[in-house]
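I have placed the structure first, in the form of structure tokens, so that the comments after it can refer back to it.
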Amino acid sequence: MNMGAREVGLPERLPRSGDLPAEVTIWEVGPRDGLQNEAATVPVDVKLEFLDRLARGGLTMLEATSFVHPKWVPQLADAEELLARLERRPGVRYPVLVPNARGLDRAVDAGIADIAVFASATEAFARRNLNSTYDEQFSMFEPVVTRARDEGMAVRGYLSMCFGDPWEGAVDPARVVAAGKRLLDAGCWQLSLGDTIGVATPGQVDRLVDAFAAAGVGVDALAVHFHDTYGQALSNTLAALRRGVATVDASAGGLGGCPYAESATGNLATEDLVWMLDGLGVQHGAELDALVAASTWMAEQLGRPSPSRVVKALAG
């Protein structure tokens, strides 16, 4: 009987290439971006256990929930209860997504230190996701960012549809850079570039990161958020890493999609990312076996197999 890959010391850890970051921060979005896409509501006790298992697996950025109106994302209607009961582990940050001024009020009441806001790089998605025009969305979130910073919060910016839009097609990098700079100029400390429907290719990633650099935005201000619709999430991530990006969004077990873009499938799986980073000699602080166990447990709670290739291989 053959031994398992982990039992024989795989993946092999090679010396890090000089064009890769020495360390990557994994921004775990499974408890928020992953579970918000579920058809059925996940009990708060299960969510709390999931967060704790991920923290025990060495992840230090856990996006816990969202203060989006329950009408639009009923799966996260328990945000206040979850945060009130959450046992925060030392060294772990628990950001939440905040869409508007009312969401910020809820975040302030909950004593949140880290929030994220989101915008669209395209007109079509702004209208469908935010019920506003491309320009109106900035008028909506800029006061939110200003007040959040006044409250002492750190604010991250998500930018959707950075590579392709199901209604508009390919997205001009200049438009993405313009939208991203507005988020950064508003006061966001980091900008996460989202491939919302998973159509990006490594060439597009290179081009977009270079476009930001040409506009004076360094890689230290950028993160990447890839969906795996066409199997490109890992190759796109590697392209971003080779350009110096050192924060990668991922979702344990590959959970997620986008409730406002039907063609979006699951996020880049955290375990698949960790397997690749281990093989590249890049530090990340996570423990692969613990993450596989956490994702396997969560898949059992949801009643279906995990889409992560690594979870499928290691969990049998």
Side-chain angles (χ1 to χ4, degrees), residues 5-6 10-14 16-17 19-35 50-51 53-63 92-93 95 156 158 162-163 190 192-196 198 200-202 205 209 219 222-257 264-296 298-299 306-315:
R6 299 294 282 162
L10 297 174
E12 181 183 6
R13 288 165 173 79
L14 301 176
R16 178 179 61 89
S17 170
D19 63 348
L20 294 171
E23 185 172 0
V24 162
T25 296
I26 299 173
W27 191 291
E28 174 61 49
V29 300
R32 194 275 302 174
D33 194 20
L35 296 184
F50 189 38
L51 282 161
R53 286 172 179 255
L54 295 174
R56 281 185 274 148
L59 297 174
T60 57
M61 298 296 296
L62 300 177
E63 196 161 272
V92 179
R93 295 163 65 181
R156 188 191 210 214
Y158 280 105
C162 292
F163 301 93
Q190 186 178 69
S192 178
L193 304 174
D195 180 23
T196 313
T201 62
V205 175
V209 175
V219 290
L222 301 178
V224 288
H225 184 119
F226 294 117
H227 287 233
D228 205 31
T229 312
Y230 294 92
Q232 302 295 296
L234 277 178
S235 58
N236 290 333
T237 298
L238 182 57
L241 296 178
R242 294 200 183 281
R243 278 296 194 274
V245 176
T247 300
V248 180
D249 297 358
S251 176
L255 294 173
T265 58
N267 289 287
L268 168 63
T270 308
E271 299 80 7
D272 297 0
L273 172 63
V274 169
W275 184 281
M276 182 179 77
L277 293 176
D278 281 349
L280 291 170
V282 175
Q283 300 299 311
H284 49 77
E287 210 291 303
L288 180 58
D289 295 323
L291 295 181
V292 169
S295 293
T296 301
M298 191 69 227
S306 167
S308 162
R309 295 174 180 84
V310 168
V311 171
K312 288 178 180 177
L314 297 185

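Side chains included, hydrogens not; waters and symmetry mates left out as well; all remaining heavy atoms used.
For Arg243, the side-chain contact (heavy atoms from CB on, under 4.5 Å) partners two or more places apart in sequence, or in a different chain, are Asp206, Val209, Asp210. With sequence neighbours excluded, no residue forms a side-chain contact (heavy atoms from CB on, under 4.5 Å) with Ala293.
Smallest separation of non-hydrogen atoms from Ala299 and Ser306: CB-N, 3.9 Å. Contact between Ser192 and Asp249 at its shortest, heavy atoms only, is OG-OD2, 2.8 Å. Nearest approach of Ala252 to Phe50, heavy atoms of both residues: CB-CZ, 3.8 Å. The two atoms that bring Ser308 and Gly254 nearest to each other are CB-N, 4.4 Å, heavy atoms only. Of all heavy-atom pairs between Leu59 and Ala286, the closest is CD2-CB, 3.9 Å. What you find for Thr201 and Asn236 is that their closest heavy atoms are C-OD1, 2.9 Å.
Gln190 CD to Thr247 OG1: the interatomic distance, rounded to the nearest 0.5 Å, is 4.0 Å. A distance of 8.5 Å separates CG in Leu268 from CZ in Phe226, rounded to the nearest 0.5 Å. The CG atom of Leu291 sits 7.0 Å away from the CD1 atom of Ile26 when rounded to the nearest 0.5 Å. Between the CG atom in Leu277 and the CD atom in Glu23 there is a gap of 10.5 Å [rounded to 0.5 Å]. Rounded to the nearest 0.5 Å, atoms CG (Leu62) and OG1 (Thr60) are 7.5 Å apart.
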With side chain to side chain contact (heavy atoms under 4.5 Å, CB included) as the test, would you mind laying out the steps for Val224 and Leu241 before giving the verdict? CA-CA 9 Å; Val224 288; Leu241 296 178; over 6 Å; no
After noting the C-alpha distance and the side-chain angles of Val92 and Leu54, does the key distance pass the side chain to side chain contact (heavy atoms under 4.5 Å, CB included) rule? CA-CA 10 Å; Val92 179; Leu54 295 174; over 6 Å; no
Could you check Glu28 against Met61 for side chain to side chain contact (heavy atoms under 4.5 Å, CB included), going step by step and ending with a plain yes or no? CA-CA 6 Å; Glu28 174 61 49; Met61 298 296 296; 5.9 Å; no
Go through it in stages, so that I can follow the logic: the residues are Glu271 and Leu288, the test is side chain to side chain contact (heavy atoms under 4.5 Å, CB included), and I'd like the CA-CA distance, side-chain angles, deciding distance and then a yes or no. CA-CA 6 Å; Glu271 299 80 7; Leu288 180 58; 4.1 Å; yes
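Between Val245 and Thr237, the closest side-chain pair of non-hydrogen atoms is not below 4.5 Å. Side chains of Leu20 and Arg242 form a contact here, defined as non-hydrogen atoms less than 4.5 Å apart. Pro202 is listed as a side-chain neighbour of Gln232, based on a closest heavy-atom distance under 4.5 Å.
Without hydrogens or angle criteria, Asn267 side chain to Leu255 main chain gives a donor-acceptor distance under 3.5 Å. In this structure a side-chain-to-backbone donor-acceptor pair under 3.5 Å is present from Thr270 to Ser251. In terms of modelled atom types and a separation under 3.5 Å, the side chain of Ser295 and the main chain of Gly253 share a donor-acceptor contact.
Aromatic ring pairs are classed by plane angle as parallel below 30°, tilted from 30° to 60° and perpendicular above 60°; the pair His225 and Tyr158 is perpendicular.
When each of Asp228, Leu234, Val311 is tested with Asp272 by the rule side chain to side chain contact (heavy atoms under 4.5 Å, CB included), just one qualifies, namely Leu234.
Judged as a salt bridge (Lys or Arg N to Asp or Glu O under 4.0 Å), the pairs with a partner in residues 275-288 (not counting sequence neighbours) are, in order, Arg13-Asp278.
Both tests hold for Arg156 against Trp27: distance to the six-membered ring centre under 6.0 Å, angle to the ring axis within 45°.
Under a cut-off of 6.0 angstrom, the local environment of CZ in Arg56 is crowded, with over 12 non-hydrogen atoms contributed by other residues, nucleotides or ligands.
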